[in-house]
Structures are given as C-alpha cells and as structure tokens.
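Here's the structure we're looking at; comments come further down.
What you see below is based on every heavy atom in this structure, not just the backbone, and it leaves out hydrogens, waters and symmetry mates.
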Amino acid sequence: MNRDELPLTDRGCAFGDGLFETLFVHEGRVIRLADHLARLRFGLARLGLPEPSGERVLAVLDEVIEAKATGVCKLMVTAGTGPRGYRRPERPELTVTATFGPLPPVPAAPLALDPVPVALEGANALRGLKHLNRLVQVLAQQSLPRGRVEGLMLDPAGRVVSGTMGNLFWRERDGWHTPPLVGGAIAGTRRAWWIETLGARITPCAPGRLALAETAFLCNAVSAWRPVATLLGRAFADTDDPPVDRLERVEGCWQPPGVRTTPWPATLSEAMADTSWGRVALWELAAEGEAALAHPSSRESIEN
C-alpha cells in the first residue's frame, strides 16, 4: 500500500499501533537511511510486531521518491487491519506506506526556546520510540505564541526533555550534554550522531541547570543543527557556526555526511552495530540497566 490515507480499520488509524520515520531526501537519496531503518526495526521488535521485508520497505520508498527529488518522506509501518478491540490478530499483516512532500521553510527568525504549558510524558515501554501517537506534540505546537516555531518540553516532574520537534543539546564548560530519554522523548537519529560526534553526556536536567549553558541547539532529521539564539530568555552571543565542520548545508538545512552501508542488514543485531543510532541505543539502554530490552529478539521477516 502507498496512499495518503489508511482505512478506518487499520490499527495505525484506530489506535496509533505503529511507527514512523521522517526521512530527509536530497536528489533522490535518503540521508543516513541506515540509521532510520535500524530505529524502525528496533521499534517493531519493542512493540512485538514482525518485520516487513527489506525489499518491501525499499520498494515503497522508491515509489514515492522520484529521481533527483529533494524533500521530506514519511515512512509509516502499522499493525495493519484487524477486528475491533485492542488485541492484535495473532499474525498481524503489516501496512507499509510512505508519502513525500517539499521541505518545510527554513525559519527566518532566530530560534527562541521557552517552556510550553504541556508536559511530555509517555509509557516506559514506549520510551524513545517514534510511535504514531504525537498528540502531546500537537498540543505543544498549538500553545506556541504567534511567530514561535519551537518550545522547550518538560516531563511531569519538571525535567527538561526536548524541543517540540527536535532533541536538545547544550554546552557547559565541561563539554556537551543532552537529556536522557525521559517521558515521551524520541531517540532521534541525529541525536545519536551528535552523541557520537561530540562525545556528549546524557545528563538529567532541570530548567535551572540551563543557566550554565554557553550555547545550545536542536536537531532532527530535517535539520541536524538548529542553533538556539535565546534560551529561557537568555540570549547567546554567537550562534552562527555549527559545533563541528562535518556538516553539509543541503537546501538550507544542515545534515551529517552520508554513509555507505547496507540499507537492510540480515539481522537486527547487525543493523544496530553498524549504525550510530543502534550503537547509542544499545549503550544507553545497557547503561540504564535495561540490557534485556537493548537486545530484542531478531525474528525473521514474515515475508521471507
């Protein structure tokens, strides 16, 4: 299936039972596709869903991404159609769909970041996953004043989580930091790249700690570096240059360099070991005492 809509009986539509990936596409090539596919496969395992075949996923992407096209592709995998009720069929028949559109406009105004009046929370079983339920982020965006495009999200305990559309990094005297995956935070693919590139620490953070920040930025798949000009009302002196020179400016957005990897390794373990996202996810979960969750069983595709 490759349509803009899902049938009402699809579990993704009815219950948000599925995952999605936001892919930056430049001239027909998905930037760092392997990281996105590793996260997708890991998420399916965490949700207890089978994998579609790699051939099927790549074919769906090829259908919507034209040669030399530049834009944003949304890849979505749901648990497919099923009877009424929360319980899935014993053998879910997955729906794999994708849409493609233009890049969003690059904000002209400097990025100002202040807390939004909507707490970001989520079940621990879904921590870090890019699942389909994004209503909290929708409400957070709706709460932003006119002219603002981003806000700082806190969890119900008042801890800093992220922006509404990206992961947060800030620099103190001892180096770079990013919040842990508390609440409903997403384990971003660009977040993983920055953790490896900057050697960033994963640091629990109350808003008051950000008074120590010397500079800060947000990152997501569309732009790996979005400098924050004003954080909690405090302006930074210089936000013109990214923290490393290993970034490419593509269609007005910053991206990490592409990597040459097999887009669909034979096993999930290989996909995790061969990507920035997988390495950081395994290390982060194991460091938090979740080693069992860090190594979900690598089941074979239901289509192989």
So which heavy atom on [X] is nearest to which on [Y], and how close?
X: Leu210; Y: Cys205; result: CD2-SG, 3.7 Å
X: Thr70; Y: Glu251; result: CG2-CG, 3.4 Å
X: Leu40; Y: Glu21; result: N-OE2, 3.6 Å
X: Phe24; Y: Ala221; result: CB-O, 3.4 Å
X: Gly43; Y: Leu129; result: CA-CD2, 3.8 Å
X: Thr275; Y: Ala34; result: CG2-O, 3.6 Å

Provide the full list of ring-ring contact (aromatic ring centres under 6.0 Å, His included) pairs with a residue in residues 55-93, sequence neighbours left out, each pair given once.
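Listed by first then second residue: Phe15-Tyr86.
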Among Asp114, Leu168, Val116, Val161, side-chain contact (heavy atoms from CB on, under 4.5 Å) partner for Leu152
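Checked Asp114, Leu168, Val116, Val161 against Leu152; only one passes side-chain contact (heavy atoms from CB on, under 4.5 Å): Leu168.
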State, without any angle test, whether [X] and [Y] hold a side-chain donor-acceptor pair at a distance under 3.5 Å.
X: Glu172; Y: Trp170; result: yes
X: Thr81; Y: Asp10; result: no
X: Thr97; Y: Lys74; result: no
X: Thr164; Y: Gln141; result: yes

Atom pair OG1/CD1 of Thr178 and Ile195 - distance to nearest 0.5 Å:
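Between atom OG1 of Thr178 and atom CD1 of Ile195 there are 5.5 Å.
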Supply the atom-to-atom distance Leu135 CG to Leu139 CG, rounded to the nearest 0.5 angstrom.
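Going from CG on Leu135 over to CG on Leu139, the span is 6.5 Å.
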So, are [X] and [Y] salt-bridged, with charged N and O less than 4.0 Å apart?
X: Glu284; Y: Arg191; result: yes
X: Arg190; Y: Asp35; result: no
X: Arg279; Y: Asp274; result: no

Between Ser53 (side chain) and Arg56 (backbone), is there a donor-acceptor pair under 3.5 Å?
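Pair found, side chain donor or acceptor close to backbone of Arg56.
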Let me check something: do Met165 and Leu132 share a hydrophobic cluster, defined by ILVMFWY side-chain heavy atoms less than 4.5 Å apart, either directly or through other members?
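No, no single cluster joins them.
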Is there a path from Trp264 to Val77 through hydrophobic residues (I, L, V, M, F, W, Y) whose side chains come within less than 4.5 Å of each other?
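Linked within one cluster.
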Do Arg32's NZ or CZ and the ring of Trp277 fall within the cation-pi criteria of under 6.0 Å and 45°?
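Checked: cation-pi criterion not met.
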Measure centre to centre between the rings of Trp176 and Phe217, then say whether the value is under 6.0 Å.
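Yes - the distance between ring centres of Trp176 and Phe217 falls below the 6.0 Å cut-off.
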